[in-house]
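In this text the structure is predicted, and so the values were computed from the model without any measurement. So that the names make sense, note that chain A is the first sequence line, chain B the second, and so on, each numbered from 1.
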Amino acid sequence: MNEKTLEKLKILADAAKYDVSCASSGASRGNMKGGVGTAAGWGICHSFTADGRCMSLFKIMLTNSCIYDCAYCVNRRSNDVRRTTFTPDELAELTLEFYRRNYIEGLFLSSGVIRNPDYTMEQMLRVVKLLREVHRFNGYIHMKSIPGASRELIAQAGTLVDRMSVNLEIPSEQNLKILAPEKNYESMFAPMRFIQQGMLESAEDRKRLRSAPRFVPAGQSTQLIIGATPDSDHQILSLASKLYKRPTFKRVYYSGYIPVNTSDNRLPVLSTPPLVRENRLYQADWLMRFYGFGANEMVDDAQPNLDLEIDPKMAWALRHPEYFPVDVNTAPHEMILRVPGIGVKSAMLIVASRKYGRLTSAQLKKMGVVMKRAQYFIVCRELPMNTVNELQPEYLRSIFVEKPKRKKDDLLQLKIDWGE
Amino acid sequence: MTVFFYDKTFDGLLSCIFFAYENRVFPDLILEEAVQKPLFTEVSYRVTTEDEKAARVWKALEKKLSLTARKAMFAVWLSELEETEMLLFRYMRKNIDLPQGMEMNFGDDDVLRCGEIARKVARDAQRLIQFIRFQETADGIYFAPVSPQHNTVRMVARHFKARFSDRPWVIYDTRRRFGIYYDLKTVSEIIFSDEEAEKLASGKLDKEKLSENETVLQTLWKEYFRTMAIKERENLRLQRQNMPKRYWKYLTEMQ
Ligand code: SF4
């Protein structure tokens, strides 16, 4: 390891950093004898970059050379940037050294496409094989599947890695055609299907034979770029919700478009990435996965985009005052989850402790309920003063609107207190 | 005010419970033996730690409390917060007095507070797992200096033993001045001489003590870390929120 490694590392890290998915969760594995590493099951962040994002995996590209020319990508063929490639040995060794120092949970490997999709996949597979078979590395590996790669290679990779992802990037087929004419939805959905089939088959095999190999135990994920195309939140969330219906799909990541190729007139001119919108989409995604919300409850044809000024849970509650107030001492769990200011954990605490007696607002507060929000939507032991029905949704909205403050930090991060 | 003095061990605290029920006196304050008697002390007792009595108390608690609740109690103990003794005392007493126990009664202040502290301690241990940085020494031992808020070093032994089972390592608490050492077989506790401990307080090892590769790898990591930040999204406040400054001291990438 020397100057050259450093040079390559800088170029290839720079090329990989726009892929936002970095989670290492979902696979749990103990150590094997003579090997190094475990997978923890909960996503361990080992550091946080200056943009505040979790750093869990060693996110790197094998090469930033590419035969394609996707409009939104820094590595596209027509860009004049320095190109370089790691050898599989270099990359495996670097991963291991970082891992041993507790810098990372594992590797997140992606790559530009060199020669053809299968050749690229083979190179990536070599890195993974070196790690697993030669170095006996037992930590987490997330591998990007190259669009258009063959079923055989995906099947091979699937037994070695924890998670595979295929980035859709563009939320609709017609816009993908404009921005990445060499790609199509079929070339991305096909690998997703292969991964799914592999996972389901492996689950079947393991029912019969416990030692049958596991296939991408942490499932698959994808990334969508937000704001590079006119696609609405309705389209985006409907797509996400369809993906989540697949049994093997774990996460959809949303990435506010950062104008990396400013001179391309197929792309919008943005002074800052649409971070507030991205944040709202993550909130809506969260509500779909943990709070029992459907995409159509948050956006529809009449209201195709999420309200930027108010979080989607509050927005839903204000559109549906008829469900409130909710009596925390008797209401079913799923209704308690719908109350603004009550999170997954406080909902659980409420249901567990109301057996011991009727709860007061002081107790709710201690359980983490954000009373500032919840007070207008609940009944507890005390009678409610003013609920959403007396005060009118419009008035409450004016209280909870989040006006970005002048400071840049605040603008970038609208923090919502979910009452966790 | 009634004060119990004890030896500041967990078994000692359990012995306090035994003592209280045996003699029907309940303390307003429990203090370590070495501490000065506070003003307004009317009665004070010196409670001796007896393993057998402690074990009987623990047995009684095992009947009332789930494993999770017992683990949480121990985590509260490791918090080393000033309120620990009396909080745990009240918590144990309530559970002993109620036929069904009351660990799930989150309407109770002590139950809530125990849960809160237990979570704090668990988070502290979690942060060790996240932010520990090993440096490879010339003799092949991976060394990590730490200074957690609570006494959590022992809590992470299992995690690191499973993860890095093929190399010897040391995790050293520079504030509490002890460490855990894994020798490829078991994890044991170690202390260094005062002079060594003084030097280790900064967390930096002398260059000649490091392996050949170590400096290069640290440089590679720092450079990688710097490159990964997206400048259009810079948000230092969020960074500090997720990775509080007090952990930076031993973070390679923040040097
Ligand atoms: S195929 Fe991937 S690396 Fe190549 S230009 Fe398109 S997005 Fe970029």
Check against side chain to side chain contact (heavy atoms under 4.5 Å, CB included), A:Glu278 and B:Arg233: CA-CA 12 Å; A:Glu278 175 192 300; B:Arg233 306 178 68 116; 2.6 Å; yes
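- Between B:Glu253 and A:His46, the shortest heavy-atom contact is OE2-O, 4.1 Å.
- Screening residues 233-253 of chain B for ring-ring contact (aromatic ring centres under 6.0 Å, His included), with sequence neighbours left out, gives B:Phe131-B:Tyr247.
- Partners of B:Glu212 according to the side-chain contact (heavy atoms from CB on, under 4.5 Å) rule, which considers only residues two or more places apart in sequence or in another chain, do not exist here.
- The structure places CG of B:Asp166 at 12.0 Å from NE2 of A:His135, a figure rounded to the nearest 0.5 Å.
- Comparing B:Arg226, B:Gln135, B:Glu214 by how many heavy-atom pairs each has under 4.5 Å with chain A, the most go to B:Glu214.
- Interatomic distance, A:Lys8 NZ to B:Leu220 CG, rounded to the nearest 0.5 Å: 12.5 Å.
- Close approach to chain B, defined as a heavy atom under 4.5 Å from one of its heavy atoms, is seen in A:Leu94, A:Glu97, A:Phe98, A:Tyr99, A:Arg100 of residues 91-100 of chain A, taken by number.
- Distance CG/B:Asn242 to SG/A:Cys54: 8.0 Å, rounded to 0.5 Å.
- Checked against A:Tyr103 for a ring pair (Phe, Tyr, Trp, His ring centres under 6.0 Å), the options B:Trp221, B:Phe225, B:Phe134 give a single hit: B:Trp221.
- Considering only heavy-atom pairs separated by less than 4.5 Å from chain A, the leading option among B:Met254, B:Lys161, B:Arg133 is B:Arg133.
- Between chain A and the residues B:Ile129, B:Leu217, B:Leu251, B:Leu112, the most heavy-atom pairs under 4.5 angstrom are made by B:Leu217.
- With chain B as the partner, the residue from A:Gly256, A:Ser353, A:Gly139 showing the most heavy-atom pairs under 4.5 Å is A:Ser353.
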Show your reasoning for whether side chain to side chain contact (heavy atoms under 4.5 Å, CB included) applies to B:Thr252 and A:Arg101. CA-CA 10 Å; B:Thr252 316; A:Arg101 285 163 179 74; over 6 Å; no
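- Between B:Gln239 and A:Thr49 the shortest side-chain heavy-atom distance does not fall below 4.5 Å.
- Atom CD1 of A:Ile258 is separated from atom NZ of B:Lys231 by 9.0 Å, given to the nearest 0.5 angstrom.
- Between A:Phe58 and B:Tyr224, some side-chain heavy-atom pair lies under the 4.5 Å cut-off.
- What you find for B:Gly107 and A:Met367 is that their closest heavy atoms are N-CE, 4.2 Å.
- Chosen from B:Val216, B:Ile132, B:Val111, B:Asp109, the residue pairing most often with chain A at heavy-atom distances under 4.5 Å is B:Ile132.
- Of all the listed residues (B:Glu116, B:Arg163, B:Gln130), the one sharing the greatest number of non-hydrogen pairs under 4.5 Å with chain A is B:Arg163.
- Atoms CE and CZ, on B:Met228 and A:Phe48 in that order, are 14.0 Å from each other to the nearest 0.5 Å.
- Between B:Met104 and A:Ala352, the closest heavy-atom pair is CE-CB, 3.9 Å.
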Quick one, A:Arg53 with B:Ile230, criterion side chain to side chain contact (heavy atoms under 4.5 Å, CB included). Give me CA distance, side-chain angles, the key distance, then yes/no. CA-CA 9 Å; A:Arg53 289 184 312 162; B:Ile230 296 177; 3.3 Å; yes
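- The neighbour count for B:Lys94 NZ, taken as heavy atoms of other residues, nucleotides or ligands under 6.0 Å away, is above 12.
- Contact annotation for B:Tyr142: only side-chain heavy atoms (C-beta onward) come within less than 4.5 Å of a heavy atom of chain A.
- The stretch residues 74-86 of chain B participates, sequence neighbours left out, in these salt bridge (Lys or Arg N to Asp or Glu O under 4.0 Å) pairs: B:Lys8-B:Glu85, B:Glu80-B:Arg176, B:Glu83-B:Arg113.
- Looking at B:Phe160 and A:Asn102, their side chains come closer than 4.5 Å, going by heavy atoms from C-beta outward.
- A distance of 8.0 Å separates CD1 of A:Ile44 from CD of B:Gln126, quoted to the nearest 0.5 Å.
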